[in-house]
Amino acid sequence: MPERIFQNSSYLNAKSTTGTNTRVKDVSPTSGMCPICIRDCPFLCEIGLSAFRGREALYPDPLQFGYSTAGALKDFRLDWSHFNIQSRLFEVYGIEADSDKAIFENASTETTIGGIPQKIPVINGAFGSTMVGRVNWPGLAIGSALSGVSIIVGENVCGMDPESVITNGKVTYSKELKRRVDLFRKFWDGKYGEVIVQTNVEDQRLGVDVYAISNLEVNVIERKWGQGAKAIGGEVRIRDLDRAIMLKKRGYIVIPDPEDPTVQEAFKAGVFKSFERHSRVGIPKERDFVEDIEWLRSQGAKKVFLKTGAYRPSAVAYTMKLASEAKVDVVTFDGAGGGTGMSPVPMMDEMSIPTVYLEAWVLKCAQILKKKGKHVPDILMAGGFINETQIFKAIALSNFGDGPFVKGVLMGRSPLTAVMKASYFIELAQKGKLPKSFVEKFGDTPEKFFVTTPELKAKYGERFKEIPWEAVGLYTYLHERIRVGLMQLMAGARKWRLDLLDRSDLMALTERAAKVTGIPLVEEAEADAIERILDN
Ligand code: SF4
């Protein structure tokens, strides 16, 4: 979409997220409406769609729910592309200054996040009860395990599981949560990565944390305060009336009320095709939170994570203060712009703090805490990460000289895309319907078009047959693209370890990027170098 459109905010009335279009392209810069709006217009703009579907028009195309992910389309005027990475020639860090050793293949992308070893500074998640997470879980979980990274089981999995056993209000069995944990562990090497279980208000009421720790031997629990895509609780669509009623009975907010006879009649008549299931938002209180984290540890949680959204500066500061006091291991700040299954489109586009701005505030908080000698949790950033360049920049930005505060990134949509792409192309291959150009370039069978097949076959032998191709897709994306891409960038910056990446590796391309982060503009970076070197 042309820059002009974003600058004029005219995407207000036509978005690919909702499948809306305007009749003419030269729309009003203020409203996004066609300058002449006519009665006989066959197009569905945002207003037109809303006239028919009301609240449904707030969401990404409901028919795609479960088979898609969605994020913001707005240009937030500051993102990772507004920085470039500085390369070096004379200095070498983290490896011997020997041209035979200082090759990119020797750069190490290994790190620890909250003390958990990781082969790449990426955690995948959180994939909760939303259908797209459930359906794609085998590829996501096994692909994460193969890649040596952690994965987070998101919220509401036990509450949404029809086969959960709930005794006296507490979950004592969940087939689905067990499946999720077991699938990761099937190919886990026992060292790199972990399966983490996230809990929101409803999960805490149901005792999901205690069930996960004591019955499934889960080591890491994450508390959830929000997400970047929306500042309200998690939502999913339910296409089945009985299931909607079951969820209402389990304490969820279900809209419209599935027990209302008028609603049931309308649903059966096809007036609407799905219910919305909403989660409650937490309202954290200082003492309660610190006690809750202590309680979690006493229940057996070896690590405690906290996930929060893209809230205002005071909320960021308060979150860091509480997380420090409670000695939380990892805090994830999820910036606006990301998304997964179902978030209101206007909220994704127009609300909360985009990722780079958010990281700048988080770093300010981390520096203050550190100066005071307080505990600083490891930080993960989330919100629109899809590749190694963003990961490099997010980590480098956070190192003021004593090592990076940001230990890695959380990715949600992109691992799902890798898994869904693999899944769809396998289906096309089975039907002999792969695009001709794809077959010509990469071959017509998964063994040929997944480039990592030979190495995985060699590593896993007979067990290779148990690895779903979707997991191979995620492994290929994470291990063979992101890991290698990151190694190349590190070697270009002449840094062979992740903890060596620092702010001197970055330059700002725009004045806003420089102002928000303190990274010098290209024309200001190493401003004295030329005279210092040549005048002496
Ligand atoms: S209904 Fe009016 S504003 Fe909407 S697309 Fe048609 S002409 Fe344009």
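Predicted, not measured: the structure shown is a model, and the values here were computed from it. Atoms within a ligand are numbered from 1 in the order they appear, just like the ligands themselves. Quick note: numbers below take in every heavy atom, side chains included, and nothing from hydrogens, waters or symmetry partners.
In this structure, the ring pair (Phe, Tyr, Trp, His ring centres under 6.0 Å) partners of Trp469, at least two apart in sequence or on a different chain, are Phe450, Phe464.
Between Lys431 and Leu428, the closest side-chain pair of non-hydrogen atoms is not below 4.5 Å.
With waters neither drawn nor counted, the protein N/O/S atoms under 2.8 Å from atom 8 (Fe) of ligand 1 amount to 1.
Within the 6.0 Å centre-distance limit, the rings of Phe438 and Phe425 are counted as a close aromatic pair.
Judged purely by atom type and a 3.5 angstrom limit, Gln118 uses its side chain to pair as donor or acceptor with the backbone of Ile120. Panel note: side chain Asp203, backbone Asn200; a donor-acceptor pair is recorded below 3.5 Å.
When each of Ile151, Ile152, Val149 is checked for a side-chain contact (heavy atoms from CB on, under 4.5 Å) with Ile123, only Ile152 meets the rule.
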